Every structure is written in C-alpha cells, then in structure tokens.
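Presented below is the structure to which this report refers.
This one's a predicted model, so the numbers in the text were calculated from it and none came from an experiment. As the structure lists them, so they are numbered: ligands from 1, and atoms in each ligand from 1.
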Amino acid sequence: MSQTTASYGTPAADQDLGPLNVERRAPGVDDVAIQIEYCGVCHSDLHFARNDWGNSLYPAVPGHEIVGRITATGDAVDGFKEGDMVAVGCMVDSCRDCGHCDQGLQQYCEKGATMTYGSRDRRHDNSLTFGGYSQSIVVDQRYVLRLPEGLDPAGAAPLLCAGITTYSPLKQWNIGPGMTVGVIGLGGLGHMGVKFASAMGAKVVMITSSPEKGEDAKKLGADDVLISSDRDAMKAQREQFDFLLDTIPVGHSLHPYLGLLKLDGTIVIVGAIEPMEGFHSGFLLGRRRRISASAIGGIPETQEMLDFCGEHNITSEIEVIKMQDINHAYERMQRSDVKYRFVIDMASMNEPSA
Ligand code: NAP
Ligand code: ZN
Ligand code: ZN
C-alpha cells in the first residue's frame, strides 16, 4: 500500500511552496525507505518550481540533495540495512541497460534518467516523482549512496548535487597540481568547485561578480580572487587559466571568460541550462580553446565523490533553515544572497506552520 507523506511543494509555477501531501509507493523488493533528515536547496529547485525551463510538471516537490536514515528495506536489498545513514541525489532510476548506464553514467542514460523530482516513474506506475522536501522517500537501492562515517549529515546533503556536479568535470579534465582553475560564481556549486579543485592540488581563482565574497573565497581554499566586473583585472589575467568551471545560473556571454584561457584551455558550463549568448569563434580558434558542459555525475562517481569527501573531510558551507522558510530562501538565492547553501532541517516539518 502506498503511503501518504507530508511534503512541501507547489501546484503551479506562479505560486509559493506550501504543505502538500504526496503518495510514496510501499517499498518493493529492491527498495529502501528513507526518513529524510536534511535536504539541500539547489538553484535547480527554484528553476523547476517556477518552470524556468518550460518543462516542469505539477504538483512539484523539489529537492535532490537528500540525506536520511533507512527505516525499511525490501527482501532483495543487500547493500543497506535499517538504521543506515544514506543519501539520494538527482536520479532515482534509469533504463539500466543502455551503453551509458552500463558505464555507470546514468545521468546520460540513452532513454533518459528518471530524475528525483519532476519525472515520470516509468518502472512503476508512471506517476510523478517527488523530491526531498518531504518526510520520507522510497528509492531503488541501485540509486542510493552510502554516507561516509564522520561527515556532518547536514553539511553533506549539498554534496549530492552541488558536490557531484563540480567534482565530475574536475575529474573528467584531470585537474591536479600545476594547473590553474577558475571557478565562476560563488554559490552552492561554485563554493564546492573551489573546495574540490583546491583539494585536488590545483591553483584556484574565484571569479565572482560579488566583491564582498572575496575573503570567504580564500577561506574556502581559493588562492586568488578575480572580480568579473573589473575590466583591468580581467585583462591582467588573460591566458592564465587551464580550466574554467562556469556556474552562473542564467544564460550569459562567454566572451569575458574565453580570453582567460590558455592554449587548449577548456571552459565547462555547469550553471546555465538554457540558451546562451552567441560567441565569436575567433576566441576559440585563436588559442584552440574548448567549450563544454557537464551534467551532475553517475552513481559510481557520486559514491567516489562522497568517499573523497569522507577522506578529505569536505562538506558544504551551509545555512540550516526550517521547511516553512523555503520561500524566503528562494528569494535570497535569486539575489545571490546565500552562504553558500541552504539546507532544510526536515524535523521542522513536524512543527506547526508559521
Ligand atoms: P546559486 O547558489 O544561486 O549560485 C550561483 C552563483 O552565480 C551566485 O551566487 C553568483 O555568484 C553567480 N551569479 C548569479 N547570477 C549571476 C549573473 N546574472 N551573472 C553572473 N553571475 C551570477 O546557484 P547553484 O545552486 O550553485 O546553481 C547554479 C546553476 O547550476 C543553476 O542554474 C542550476 O540549475 C545549475 N545546476 C546544474 C547542474 C548540472 O548538472 N549541470 C546541477 C546542479 C545545478 P557571485 O556572487 O560569486 O557572482
Ligand atoms: Zn541541483
Ligand atoms: Zn540507460
């Protein structure tokens, strides 16, 4: 029997989030049921709730940075047991037999991954998937991650999206000692990008539109700070970078950034998932520069990233909020006023609404 689960969401793009009940399936043989303790607030949640990408399905219950404790397991579950602290990220299923799924790249599933929220659950009953702004969730064990011991569970929640989305391209492009990496935008993704690139041994420069964030960037591990509106400073940094990680959440011109790249340097877009402004190919051909983009990370790499965080004691810088404060948090995130990730304490769901 399905279970009615208290959640937070919105019935339409132009409405605030509020209390909403959703149905969760009863755990099947391969499933684990998780009582959610913390859920990070990703800028994608806001894009999705407001239908910024034009493909949202309602009611929408966002949240894909989920940490919680297992309360029940199906008979075939072998990797997890009741009481384990686990995590769920952006995907809860995929086709499981295409070439990309076989390589553990479920985010690039040829038939499309089933996202944690806003997807049709084709393996079960085609119902809408609902995310982590919720008391509990039921997920197939193949898409559940182990949380390393010793990591603060609230600080670890944002690793499930902001963490893997920045870790994956840094690994893909073999970032390490001797390289200079620029991280553009100091928000949820950007601050994790700074931490990872620094832990991987690169020289890291934070490229920000907010001069007041400079000091923080250095505390997070940046060796230097570049203010993107300072034309002279940007000019002085021409051809200094091997790699740029672009986390700006809206479409923008790449021109100010392409000139920062050395010969064969690459800029990877992870922020804007929408049309970008055109660019002059001269910026690329003049130095054989490359533009790429990257989506989250596969399940094995997400586990690798969590284990890396366990070893290096890396978590996110967070501001813990109550579920009832989510609309205010969205407003602040829209203004780039977040240091550096909101995380919802799900125990607040039991408190009466303000
Ligand atoms: P966030 O916390 O709001 O941070 C974005 C940062 O970008 C801001 O703090 C700000 O940093 C900078 N910024 C914002 N607006 C800007 C503008 N108009 N021009 C220049 N800089 C601007 O957002 P987030 O959670 O990190 O998410 C960033 C984006 O990544 C979102 O669009 C989200 O949908 C996307 N995303 C993609 C993936 C993927 O798989 N590729 C995964 C997760 C999220 P400064 O103040 O330092 O300039
Ligand atoms: Zn996200
Ligand atoms: Zn697949």
Point to revise | Those atoms of ligand 1 less than 4.0 Å from some heavy atom in V250 | key: 18 (N)
Check your understanding: Can you give me the NE2-the Zn ion (ligand 2)-SG angle for H64 and C42, to 10°?
Key -> 120°
Check your understanding: Numbering the atoms of ligand 1 from 1, which are under 4.0 Å from a heavy atom of K213?
Key -> 9 (O), 11 (O), 45 (P), 46 (O), 47 (O)
Point to revise | Polar proximity ligand 1 side, V270 side, N/O cut 3.5 Å exclusive | key: yes
Review point. N/O/S atom of C90 under 2.8 Å from the Zn ion (ligand 2), yes or no?
Key: no
Practice item. Identify the protein heavy atom lying closest to atom 25 (O) of ligand 1, giving its residue, its atom name and the separation to 0.1 Å. Key: R341 NH1, 2.6 Å
Check your understanding: What's the shortest distance from atom 19 (N) of ligand 1 to any protein heavy atom, and which residue and atom give it?
Key -> I248 CG2, 3.8 Å
Point to revise | Spacing of F243 atom CZ and I175 atom CD1 [to the nearest 0.5 Å] | key: 5.0 Å
Study note, to complete from the structure: One finds that the ligand 1 atoms under 4.0 Å from a non-hydrogen atom of W53 are 34 (O)
Point to revise | Identity and separation of the nearest protein heavy atom to atom 12 (C) of ligand 1 | key: G185 CA, 3.9 Å
Check your understanding: Are Y143 and S94 close enough that a side-chain donor and a side-chain acceptor fall under 3.5 Å?
Key -> yes
Point to revise | Close side-chain approach of L254 to M276, heavy-atom, < 4.5 Å | key: yes
Exercise for review: Would you please test F196 and Y167 for ring-ring contact (aromatic ring centres under 6.0 Å, His included) and show each step?
Suggested key: CA-CA 6 Å; F196 284 136; Y167 179 90; 5.4 Å; yes
Check your understanding: What residue and heavy atom of the protein are closest to atom 26 (O) of ligand 1, and at what distance?
Key -> L189 N, 2.8 Å
Check your understanding: With a cut-off of 4.0 Å, which atoms of ligand 1 are near a heavy atom of C42?
Key -> 43 (C), 44 (C)
Practice item. Could you list which atoms of ligand 1 come closer than 4.0 Å to a heavy atom of M333? Key: 3 (O)
Exercise for review: Look at atom 39 (C) of ligand 1 and say which protein heavy atom is nearest, naming residue and atom and giving the distance to 0.1 Å.
Suggested key: T165 CG2, 3.4 Å
Review point. Can you tell me the protein heavy atom closest to atom 48 (O) of ligand 1 and the distance?
Key: S209 OG, 2.6 Å
Practice item. Could you tell me if any non-hydrogen atom of H252 lies under 4.0 Å from any atom of ligand 1? Key: no
**Study point:** For atom 4 (O) of ligand 1, closest protein heavy-atom neighbour
**Key:** G187 CA, 3.3 Å
Revision key, fill the gap. among protein heavy atoms, the one nearest atom 3 (O) of ligand 1 is H43 ND1, 2.6 Å
Check your understanding: Judging by distance only, is a nitrogen or oxygen of G271 under 3.5 angstrom from one on ligand 1?
Key -> yes
Point to revise | Backbone or side-chain N or O of L186 under 3.5 Å from ligand 1 N or O | key: yes
Check your understanding: Side chains of H124 and D121: do they bring a donor and an acceptor to under 3.5 Å?
Key -> yes
Review point. Any N/O/S atom of C98 sitting less than 2.8 Å from the Zn ion (ligand 3), backbone or side chain?
Key: yes
**Study point:** Contact check: P249 vs ligand 1, nitrogen or oxygen atoms, below 3.5 angstrom
**Key:** yes
Exercise for review: State the OG-CD1 distance between S209 and I227, to the nearest 0.5 angstrom.
Suggested key: 8.5 Å
Practice item. Taking only heavy atoms of I296 into account, list the atoms of ligand 1 that are under 4.0 Å away from them. Key: 39 (C), 40 (O)
**Study point:** No-hydrogen, no-angle side-chain donor-acceptor test under 3.5 Å, D45 and Y133
**Key:** yes
Review point. Between the side chains of N51 and Y58, is a donor N or O closer than 3.5 angstrom to an acceptor N or O?
Key: no
Exercise for review: Please could you name the atoms of ligand 1 that C161 approaches to less than 4.0 Å, counting only its heavy atoms?
Suggested key: 42 (C), 43 (C)
Revision key, fill the gap. Looking at P169, P158, S210, G89, the heavy atom closest to atom 46 (O) of ligand 1 belongs to S210
Check your understanding: Quick one: which ligand 1 atoms are inside 4.0 Å of a heavy atom on G188?
Key -> 1 (P), 2 (O), 4 (O), 26 (O)
Review point. Any nitrogen or oxygen of T208, main chain or side chain, under 3.5 Å from a nitrogen or oxygen of ligand 1?
Key: yes
